[in-house]
Structure formats: C-alpha cells, structure tokens
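Below is one structure; the comments refer to it alone.
Along the sequence shown, residues carry numbers from 1. Quick note: numbers below take in every heavy atom, side chains included, and nothing from hydrogens, waters or symmetry partners.
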Amino acid sequence: MDSWTSLCTRASVERLLLDKIYSSELGGRVRECLNGVAEDEMVSQEDIEQKACEALKTSGMEVQVKNFVYHELMRLLHCGSHDSSLHHIPMLREPLACVKEVRGMWEGRMVDSINTLSSRLDQPLSCKRTESEQGTLRKRWNSLGTLFPSDNMVQPLFCSSDLMKALSHIENHNFIADPTLDAPIACVLIKVHLNGKSLYELRDNFSRLHPSTFHIDFLGGREVQNGAKDDYTERASKVVKLGLAPLSRQLCQSGCPVSLRRHLWCQALGVDLTDDQHSLHFEQLKSSIFEQSLLLDRLVVKDVKEVATNNDNYFIFEDLLYQVLLALIRDSSFSDLHSSHTSSHTSVAHVVNDTC
C-alpha cells in the first residue's frame, strides 16, 4: 500500500510539474525552441531527444527549466498542504483540523482587536491622505524614520502570554497517548502532538551547521586567511555564472561573499531581478502607501520603533523596514496566499486589503 501511495504521489507530482511548465511563460519559450528541432528534417527520430537537450542547453533554457522544477518541488514540500491545487496528491493534505480551528479563532480575535483599536482611537481602518501628506511622504520616502514620531496611544494587539494560551488550548482528539512515555499527556502544556524527526535525523539534517564543518565568515567574526577567501569568492563566482538554484543554496549554507550575496540569494530563492514586473508591482504598492493611510500603519511604526530602533544590529535598517512592511500590508497577493491558510473566519489580511 505504501509503495502504491508513493507511486501515485510521484505520478501526480510529475503531472503537476508538467502542467505548471506548460502554462508558464517559460513553457511557451521551451515549446518554441523544441518546435524548431521537431521541424528539422535532418533530425532523425532516434536523435530527436539528444537534439532537443542540446537545443535547450544552447538557448540557455536548460538552467531555467531545472531551476523552475527545483523551486516548484520546494514549494510542494513546504507549502503543499496549503495549496488548493495540490489537495488531490496523497500525503500533502493538512491532517490537523484542530490546528486550523484554533488558527481561525486567533485570526478572528486579531480582527476584533483591530476594530476595537479603531474605535478607541476614533480612526477608520483606511482613509485617503491629503495632498500635503502625500507630498511629504514622497519627499521623505528614504528617511521615514524621522517622519513618524513615537505613538504612545497605540498598544500591541496581543502579548506573548496570549499566544501561548491559545497554543496550549489546541487539542488533537484523535491522538492516542503512548503508554511508554515518561510524562503523561495531561502534564504537558502543549497537548497537540506533531510528527517530528528523531535526534539522529535532526543531527543528519543539520550536519552542515556543526562547528567542524567548513564555513566562511565574511563579516570578520572569524579569522580566515585571505587566500581561502579569494578561493571561495572565485568558487562563488562560478556558481553565480552557472545559475543553478540548488548549487547557490548549498553555497549559501557555507557563507556568501558580500559582493555576490545578492546574486546568490536571488538564485537560491528563484527571484529574477531582470523581471520588470517586480519593480512595477512595488511601485504600485508605493503609490498605495502615498494615497491611503491605514490603521495598521501605526502598528507597524510602533513595532519597528520598539524593536528595530533599540537594536544595535537593526537600527540602521529602520527606513528600509518601514518601506517593506508598509508595502507588505497593502499587497493583495499576500492576502490571496493567506486566504488558503485560513478557515471560515475573516483574516486580518483581507480586512486590510478590503479597506484599501
């Protein structure tokens, strides 16, 4: 039965990957490249597979296809249980309805807290900024930390004890306690049990983090000979030139040269900086920040000033944090992603975007 389930899962994943490639822009360019091979009368039926691989490699799309498949597989592993298009695949469904129920209750509580805060401050969830406010924001976009004063009227929506209390109320009624456990289930605070890895599996999984593993610290925290740094930088340059996401991810685990960090992480995460769509999308979010004032803006400012500005490592990024977080809470794609995680309760992300 396990082998049959594994076979079904593999076939479903392969079918899903083919559909993803076929419906993507990359798939259109791949088909155009392969059509030229198929229409070549000089290519025999026995050589067509080899010629197709050579054509993809020559055109540079071989690396793009490999990276596309890699990132889709990673998305299946990490987000498969929350993607409605993957629910037909065995072993990728969310089995813990009790977790979803408590999550929905928590989100409902956050929505109620935001509405209560709106009433107490006598401020709507969203309102249009005046022309003078828009002009000030545009002029001081790169120095937002000096624009937002400390706001003592805004209080956090919850504290850590509230979150811990919500987590401790999660109970899996289908769980059967193991009588060989040292402590009975009633004596522990978190009562929901999740399948986890054993100690040996964790050691194997995180073996690269062991102090004996070779790491390069380019920030000066460890003494490393210049020759080793130069060799490692040269190796990193070769990885960037290859453009393969798995290699970039593996190299990032050992340390990134500062000059190549942006390229390595973009390749590892599948972010294409040459795509103008990202810049256009962020400019649209910036326009929304300039035009609309949200109640959550005050919560973001409060959080950044209490956490980042009082930290020696993060205070220099205060303005950047404002820019990113203010754009994030206005991003409709974030609320669309969040909707697949929520239950019937109204989510905070939808409350924010519905008011924009």
Taking all non-hydrogen atoms of both residues, which atom of Leu326 and which atom of Ile329 are closest, and how far apart? O-CG1, 3.4 Å

Quick one: do Val239 and Leu264 satisfy side-chain contact (heavy atoms from CB on, under 4.5 Å)? Show the steps, please. CA-CA 8 Å; Val239 172; Leu264 287 169; 4.1 Å; yes

Is there a path from Phe282 to Leu144 through hydrophobic residues (I, L, V, M, F, W, Y) whose side chains come within less than 4.5 Å of each other? yes

CZ of Phe317 to CG of Asn313: how many Å apart, nearest 0.5 Å? 8.5 Å

Can you confirm whether Tyr200 sits close enough to Asp204 that some side-chain heavy atom of one is under 4.5 Å from a side-chain heavy atom of the other? no

Main-chain N/O of Ser118 paired to Asp122 side chain as donor or acceptor, under 3.5 Å: no

Sidechain-backbone polar pair: Asp162 side chain, Cys159 backbone, donor-acceptor under 3.5 Å: yes

For Tyr322 and Val301, the nearest pair of non-hydrogen atoms, with its separation, is CE2-CA, 3.7 Å

Check: Leu285 and Leu328 side chains under 4.5 Å, non-hydrogen atoms: no

Between the main-chain N or O of Gln284 and the side-chain N or O of Ser288, is there a donor-acceptor pair closer than 3.5 Å? no

When you compare the side chains of Gln292 and Ser126, does any donor N or O come within less than 3.5 Å of an acceptor on the partner? yes

Within one Ile-Leu-Val-Met-Phe-Trp-Tyr cluster: Leu299 and Phe158, side-chain cutoff 4.5 Å: yes

What heavy-atom pair brings Lys66 and Leu244 nearest, and what distance separates the two atoms? CD-CD2, 4.1 Å

Would a 4.5 Å heavy-atom cut-off, applied to side chains only, mark Gln250 and Leu247 as touching? yes

Of all heavy-atom pairs linking Gly243 and Val63, the shortest is O-CG1, 3.4 Å

Which is it for Asp297 and Arg330 under the salt bridge (charged side-chain N to carboxylate O under 4.0 Å, His left out) test, yes or no, and what are the steps along the way? CA-CA 10 Å; Asp297 292 346; Arg330 290 166 169 81; 2.6 Å; yes

What's the verdict on side-chain hydrogen bond (donor to acceptor under 3.5 Å, both in side chains) for Gln155 and Arg120, showing C-alpha distance, side-chain angles and the deciding distance? CA-CA 11 Å; Gln155 300 298 326; Arg120 183 167 60 84; over 6 Å; no

Do Gln134 side-chain atoms and Arg129 backbone N/O form a donor-acceptor pair below 3.5 Å? yes

Is the shortest side-chain heavy-atom distance between Trp106 and Leu167 below 4.5 Å? no

Do side-chain atoms of Glu133 reach the backbone of Thr130 as a donor and acceptor pair under 3.5 angstrom? yes

Crowding at CG, Asn35 (>12 non-hydrogen neighbours, <6.0 Å): yes

On a heavy-atom basis, which atom in Gln123 and which in Leu294 lie closest, and how many Å separate them? NE2-O, 4.1 Å

Under 3.5 Å: donor-acceptor pair, side chain of Ser24, backbone of Gly27: yes

Is it possible for you to say whether Met110 and Leu121 belong to one hydrophobic cluster, with membership spreading through side-chain heavy-atom contacts below 4.5 Å? yes

Tell me if the CZ atom of Arg262 is crowded by more than 12 foreign heavy atoms within 6.0 Å. no

Heavy-atom check, side chain of Leu242 versus side chain of Gln267, under 4.5 Å: no

Return yes if some donor-acceptor pair links the side-chain N/O of Ser23 with the main-chain N/O of Lys20 below 3.5 Å, else return no. yes

Run the ring pair (Phe, Tyr, Trp, His ring centres under 6.0 Å) test against Phe290 and tell me which residues pass, sequence neighbours left out. Trp141

I would like to know whether Arg109 and Leu157 meet side-chain contact (heavy atoms from CB on, under 4.5 Å); could you show each step before the answer? CA-CA 9 Å; Arg109 176 178 176 174; Leu157 298 181; over 6 Å; no

Can you list everything that forms a salt bridge (Lys or Arg N to Asp or Glu O under 4.0 Å) with Glu306? Sequence neighbours excluded, please. Lys302

To the nearest 0.5 Å, atom OG of Ser161 lies from atom NZ of Lys165 at 8.5 Å

Applying side-chain hydrogen bond (donor to acceptor under 3.5 Å, both in side chains) to Asp272 and not counting sequence neighbours gives Thr274

Residue pair His71 / Ala245: nearest heavy atoms and the distance that separates them: NE2-CB, 3.5 Å

How long is the gap from CZ on Arg261 to SG on Cys252, to the nearest 0.5 Å? 9.5 Å

Val240 and Ser248: side-chain contact (heavy atoms from CB on, under 4.5 Å), yes or no, with the steps? CA-CA 7 Å; Val240 171; Ser248 300; 6.0 Å; no

Does one hydrophobic cluster hold both Leu147 and Leu296, with members joined at side-chain heavy-atom distances below 4.5 Å? yes

Side-chain heavy atoms of Lys305 within contact of Glu318, under 4.5 Å: yes

Just checking Glu54: does its CD atom have more than 12 heavy atoms from other residues, nucleotides or ligands closer to it than 6.0 angstrom? yes

Are Cys33 and Leu56 packed together at the side-chain level, in the sense that at least one heavy-atom pair is separated by less than 4.5 angstrom? yes

Do Arg298 and Phe148 have side-chain heavy atoms sitting under 4.5 Å apart? no

Is it the case that one hydrophobic cluster holds both Leu18 and Met74, taking links as side-chain heavy atoms less than 4.5 Å apart, direct or via other members? no

